[in-house]
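Atom set for the values below is all heavy atoms of this structure, side chains included, hydrogens, waters and symmetry mates excluded.
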Amino acid sequence: MSRGRVGVIVAPANPSAEPELTRLLGSRADMHVTRFPVRPGQSLAERLESYNEALPSMVYAFDALPLSAMVMACSEPRYLLGPDEDRDQCAELTAATGVPFASATQATREAMEHAEVSDIVLVSPYQPWLTELAERFWKTAGLNVTQVVQVRAKNGYSSYAVTPSELISQVELAELPADAVLLFTGTGMATLPVLGPLSAGNDRILLTSNLCTAWWALSQTIGQQVTLGRVPHRRYMGGAA
């Protein structure tokens, strides 16, 4: 079987993107990773802005390595932009490098379009101001955000610190509809362990930043869109057509 190669650009301290993307890509693609520069002493907003500023040069970090696709596995910086600017920059970087490129947010937009999603419940581990930007981003992109579930780790707001058990308990407390579409934003939040428990006994569609990013990258690698079903995490994406 011919394996593709996916280039992944990730934030320095992200603990979840690589493990989850590795599982989701499966045997159909190898993953090659580079990290944004560390920016000590900066506020969160400044650091996120620096990632957006660094992106045009970061896409060249893989040099001559042949890639099937390239992704920015980092959602937060893109919420500082509008969805149109995000989409347009992805198109520009694709044209400049000759490699299909998408941010996690652009990949998520395309995955939701593929799944014909119009209404979402946004599940966010971010600080409230960033969650508000995320909600505005998805509304501007044409989605109806019916509810926002603000998730908090034990020691504060952090996508890296939220545990699966904390995520499950806080989503369950929200008493969401049995047929809701849940979008878990944040590539740094561990989400694969929660998909089974939160989909048991209901008809929800559960989408995550990492799931959508892997879906987009894998679709580019095999040359056709992988199918996202009602419960996409239960299907081996590499074998779907």
Side-chain angles (χ1 to χ4, degrees), residues 1-37 51-52 54-78 86-115 159-160 183-192 195 206-229 232-233 235-241:
M1 180 181 297
S2 177
R3 295 167 66 92
R5 295 191 183 101
V6 177
V8 179
I9 305 171
V10 69
N14 187 319
S16 299
E18 290 145 297
E20 296 204 343
L21 291 175
T22 296
R23 289 182 59 190
L24 290 163
L25 292 173
S27 63
R28 300 300 291 270
D30 292 321
M31 186 173 62
H32 305 272
V33 180
T34 188
R35 285 180 135 72
F36 283 109
Y51 294 163
N52 283 332
L55 180 61
S57 61
M58 290 294 295
V59 297
Y60 296 102
F62 301 99
D63 197 17
L65 177 66
L67 296 173
S68 307
M70 189 166 21
V71 293
M72 175 185 179
C74 190
S75 302
E76 291 170 280
R78 311 312 279 177
D86 181 34
R87 179 197 59 206
D88 291 347
Q89 186 179 43
C90 291
E92 291 169 1
L93 294 177
T94 296
T97 61
V99 178
F101 176 89
S103 62
T105 41
Q106 179 60 27
T108 299
R109 284 184 72 182
E110 294 189 25
M112 289 192 289
E113 290 172 1
H114 171 72
S159 57
Y160 298 167
L183 173 59
F184 297 80
T185 184
T187 62
M189 181 168 62
T191 49
L192 290 186
L195 298 183
L206 305 178
L207 299 174
T208 78
S209 294
N210 285 330
L211 176 63
C212 293
T213 298
W215 169 86
W216 185 88
L218 194 56
S219 295
Q220 297 296 320
T221 297
I222 67 176
Q224 60 181 348
Q225 286 189 328
V226 178
T227 299
L228 284 174
H233 71 280
R235 178 175 297 170
Y236 170 53
M237 292 199 305

Original post:
In Å and rounded to the nearest 0.5 Å, what is the CD to OG1 distance from E18 to T187?
Top reply: 9.5 Å
**OP:** Using side-chain hydrogen bond (donor to acceptor under 3.5 Å, both in side chains) as the criterion, list what pairs up with E113, not counting sequence neighbours.
**Re:** none
**OP:** Starting at OG of S159, measure out to CZ of F184 and round the result to the nearest 0.5 Å.
**Re:** 14.0 Å
Subject >> Pairing residues for P12 by the side-chain contact (heavy atoms from CB on, under 4.5 Å) criterion, not counting sequence neighbours >> reply: F36, V38, Y51
**OP:** Can you sort out the partners of D30 under salt bridge (Lys or Arg N to Asp or Glu O under 4.0 Å), two or more places apart, ordered by chain and number?
**Re:** R3
**OP:** Drop me the distance from R23's CZ to L211's CG, to the nearest 0.5 angstrom.
**Re:** 11.5 Å
**OP:** Could you tell me which non-hydrogen atom of A17 sits nearest to which non-hydrogen atom of V10, and how far apart they are?
**Re:** CB-CG2, 3.8 Å
Original post:
Considering only heavy atoms from C-beta outward, does the side chain of I222 approach that of R28 to under 4.5 Å?
Top reply: yes
**OP:** Would you sort out whether L207 and T108 count as a side-chain contact (heavy atoms from CB on, under 4.5 Å), showing the intermediate values?
**Re:** CA-CA 8 Å; L207 299 174; T108 299; 5.9 Å; no
**OP:** Could I get the full list of side-chain contact (heavy atoms from CB on, under 4.5 Å) partners for Y160, not counting sequence neighbours?
**Re:** A11, A13, N14, P15, S158
Original post:
Who passes side-chain hydrogen bond (donor to acceptor under 3.5 Å, both in side chains) against Q220, sequence neighbours left out?
Top reply: none
Original post:
Under a 4.5 Å cut-off applied to non-hydrogen side-chain atoms, are E20 and T191 in contact?
Top reply: yes
Subject >> Contact summary for S103 and Q106, nearest pair of heavy atoms >> reply: OG-N, 3.0 Å
**OP:** Could you tell me the separation between the CG atom of N210 and the CG atom of L21, rounded to the nearest 0.5 Å?
**Re:** 4.5 Å
Side-chain donor-acceptor distances from residues 67-78 under 3.5 Å, at least two apart:
{"residue": "S68", "atom": "OG", "partner": "R5", "partner atom": "N", "Å": "3.2"}
{"residue": "S75", "atom": "OG", "partner": "S209", "partner atom": "OG", "Å": "3.3"}
{"residue": "R78", "atom": "NE", "partner": "D86", "partner atom": "OD1", "Å": "2.8"}
{"residue": "R78", "atom": "NH1", "partner": "N52", "partner atom": "OD1", "Å": "2.8"}
{"residue": "R78", "atom": "NH1", "partner": "Q89", "partner atom": "OE1", "Å": "3.1"}
{"residue": "R78", "atom": "NH2", "partner": "D86", "partner atom": "OD1", "Å": "3.0"}
{"residue": "R78", "atom": "NH2", "partner": "Q89", "partner atom": "OE1", "Å": "2.6"}

Subject >> Residue pair L192 / L24, side-chain heavy-atom distance below 4.5 Å >> reply: yes
Original post:
What residue pairs, at least two apart or across chains, pass salt bridge (Lys or Arg N to Asp or Glu O under 4.0 Å) with a residue in residues 90-112?
Top reply: none
Original post:
Do the side chains of T208 and L195 get nearer than 4.5 Å, heavy atoms only?
Top reply: yes
Original post:
How far apart are the closest heavy atoms of V6 and A29, and which atoms are they?
Top reply: CG2-CB, 4.0 Å
Original post:
So, for S16 and P19, which heavy atoms are closest and what is the spacing to 0.1 Å?
Top reply: O-CD, 3.3 Å
**OP:** Just grab all the ring-ring contact (aromatic ring centres under 6.0 Å, His included) pairs involving residues 92-115, residues at least two apart or on different chains.
**Re:** H114-W215
Subject >> With T34 via side-chain contact (heavy atoms from CB on, under 4.5 Å) - residues at least two apart >> reply: I9, M58, A61, F62
